[in-house]
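All values below were derived from every heavy atom in this structure, side-chain atoms included, with hydrogens, water molecules and symmetry-related copies excluded. Source: prediction; values computed, not measured.
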Amino acid sequence: MIKLLRVDHRLLHGQVAFSWTQNLGADCILIANDDVPVNELRKTTIKLAKPQGVKLVIKNIEDSIKALESGVTDKYKLFIIVESVADAQKLTAAHHAIKQVNLGGVKAKEGTRNISKAVNLLPEEEIMVKKMIEQGAEVEIRQVPNDKKILASTVI
C-alpha cells in the first residue's frame, strides 16, 4: 500500500527519515531517482539516513514504475521519495494508486515561483502539479507532518 509520494530535492534526510516514516507507519522507503542507483556517493549517503527497521529500496524511475505495477511492493506500507516534480508526475501518471503527493522541498532556481517556505516551482512544474491533481491525487505542501497541510490547488 502506497502511503505517500514525497517530492524533496534532498531525498532521504533526518526530517524525512524519522518524522515522515514514523508518522506514516511506513515499513519500506522507495527512493525513485535516475541518478542515485548509479552514484555510489549519493547511494551511500542515503543508506546512512535510513531509519532502523525500515526497508530501503533504491531504483531508477522506470524500474520503480515496473515494481509498483508488478505488485511486488503491495505487501509494504510504502513511502516513495522523488527528487523532482517531474519524477512525481511520471510515477503518478503511470501508477494511479498514488493518491497522496507531498511537496516537501523544491529548491529555488531561475524562473521558479515561491509557493511556500520550501517549495519553488517552474511554470512547467505547476502544470505537472495540476495534472497530478486532475488524475485524482491530493497534492499538498508540508515540510513535516505536524505542519498545517496546504493543498497545492489553493496556491497555484
Checklist entry - Given the rule in the side chain to side chain contact (heavy atoms under 4.5 Å, CB included) test, do Thr92 and Val101 qualify, once you have shown the distances and angles that lead to the verdict? => result CA-CA 9 Å; Thr92 56; Val101 179; 3.8 Å; yes

Next on the checklist: I'd like to know whether NZ of Lys149 has more than 12 heavy-atom contacts from other residues, nucleotides or ligands below 6.0 angstrom.
Outcome noted: yes

Next on the checklist: Would the distance check show the side chain of Arg6 and the main-chain N or O of Gln143 forming a donor-acceptor pair, the cut-off being under 3.5 Å?
Outcome noted: yes

Checklist entry - Does the Glu125 side chain pair with the main chain of Leu122, one donor and one acceptor, at a distance under 3.5 Å? => result yes

Checklist entry - Within a radius of less than 6.0 Å around NZ of Lys50, do more than 12 heavy atoms belonging to other residues, nucleotides or ligands occur? => result yes

Next on the checklist: Walk me through whether Gln135 and His96 qualify under side-chain hydrogen bond (donor to acceptor under 3.5 Å, both in side chains).
Outcome noted: CA-CA 8 Å; Gln135 293 166 343; His96 298 294; 5.2 Å; no

Checklist entry - Taking C-beta and beyond as the side chain, do Asp8 and His13 meet within less than 4.5 Å on heavy atoms? => result yes

Checklist outcome for this item: Gly111 and Pro123 have their tightest heavy-atom pair at O-CD, 3.6 Å

Checklist entry - Mind checking whether Leu91 and Val119 sit in one hydrophobic cluster, side chains of I, L, V, M, F, W, Y counted as touching below 4.5 Å? => result yes

Item to check | Nearest non-hydrogen partners of Ser116 and Ile141, listed with the distance | outcome: OG-CG2, 3.3 Å

Item to check | side-chain hydrogen bond (donor to acceptor under 3.5 Å, both in side chains) between Asn114 and Asn120, worked out | outcome: CA-CA 4 Å; Asn114 179 266; Asn120 304 276; 2.9 Å; yes

Item to check | Gap separating the CD1 atom of Ile58 from the CZ atom of Arg42, nearest 0.5 angstrom | outcome: 10.0 Å

Checklist entry - Within a reach of under 6.0 Å around NZ of Lys75, are more than 12 heavy atoms found that belong to other residues, nucleotides or ligands? => result no

Next on the checklist: The criterion is salt bridge (charged side-chain N to carboxylate O under 4.0 Å, His left out); which residues satisfy it with Asp87, sequence neighbours excluded?
Outcome noted: Lys90

Checklist entry - What are the two closest non-hydrogen atoms of Ser19 and Val144, and how far apart are they? => result OG-CG1, 4.1 Å

Checklist entry - Roughly how far, to the nearest 0.5 Å, is SG of Cys28 from CG of Leu78? => result 5.0 Å

Next on the checklist: So for atom CD, which belongs to Glu124, do other residues, nucleotides or ligands contribute more than 12 heavy atoms lying within a distance under 6.0 Å?
Outcome noted: yes

Item to check | Check against side chain to side chain contact (heavy atoms under 4.5 Å, CB included), Arg113 and Ile156 | outcome: CA-CA 10 Å; Arg113 180 169 75 99; Ile156 60 170; 3.8 Å; yes

Next on the checklist: Taking Ile81 as the starting point, is it possible to reach Ile61 by hopping between hydrophobic residues whose side chains are less than 4.5 Å apart?
Outcome noted: no

Checklist outcome for this item: OG1 (Thr73) and NZ (Lys59) are apart, to the nearest 0.5 Å, by 10.0 Å

Checklist entry - Does Leu5 share a hydrophobic cluster with Ile31, counting links as ILVMFWY side-chain heavy atoms below 4.5 Å and allowing steps through other members? => result no

Item to check | Worked check of side chain to side chain contact (heavy atoms under 4.5 Å, CB included) between Glu69 and His95 | outcome: CA-CA 7 Å; Glu69 290 298 313; His95 194 68; 2.6 Å; yes

Checklist entry - Is Trp20 linked to Val85 within one hydrophobic cluster, defined over Ile, Leu, Val, Met, Phe, Trp and Tyr using a side-chain heavy-atom separation of less than 4.5 Å? => result no

Next on the checklist: Donor-acceptor check, side chain of Thr112 to backbone of Ala108, threshold 3.5 angstrom: yes or no?
Outcome noted: no

Checklist entry - Arg142 versus Asn102: any side-chain heavy-atom pair under 4.5 Å? => result yes

Checklist entry - Can you get from Ile115 to Ile133 by hopping between Ile, Leu, Val, Met, Phe, Trp and Tyr side chains that sit under 4.5 Å apart? => result yes

Checklist entry - Taking atom CD of Glu138 as the centre, does the number of heavy atoms from other residues, nucleotides or ligands within less than 6.0 Å exceed 12? => result yes

Checklist outcome for this item: On a heavy-atom basis, the closest approach of Ala152 and Val129 is CB-CG1, 3.8 Å

Checklist entry - Hey, is NZ on Lys107 packed in by over 12 heavy atoms from elsewhere, all under 6.0 Å? => result no

Item to check | Derivation of the salt bridge (Lys or Arg N to Asp or Glu O under 4.0 Å) call for Glu134 and Lys130 | outcome: CA-CA 6 Å; Glu134 286 167 13; Lys130 288 176 183 171; over 6 Å; no

Next on the checklist: Before you tell me yes or no, could you show the steps for Asn60 and Asp34 under side chain to side chain contact (heavy atoms under 4.5 Å, CB included), namely the whole-Å CA-CA distance, both residues' side-chain angles and the distance that decides it to 0.1 Å?
Outcome noted: CA-CA 4 Å; Asn60 65 35; Asp34 287 335; 3.2 Å; yes

Item to check | Residue pair Ile80 / Leu68, side-chain heavy-atom distance below 4.5 Å | outcome: yes

Item to check | Nearest-0.5 Å distance that lies between atom OG1 in Thr45 and atom CG in Leu12 | outcome: 10.5 Å

Next on the checklist: Measuring from atom CG of Leu11 to atom CD of Glu83, what distance do you get when rounded to the nearest 0.5 angstrom?
Outcome noted: 4.5 Å

Next on the checklist: For a 4.5 angstrom cut-off between non-hydrogen side-chain atoms, does Pro51 reach Ile29?
Outcome noted: yes

Next on the checklist: Nearest 0.5 angstrom please: Leu30 CG to Lys55 NZ, how far?
Outcome noted: 10.5 Å

Checklist entry - Taking side chain as C-beta onward, heavy atoms only, is Met1 less than 4.5 Å from Lys77? => result no

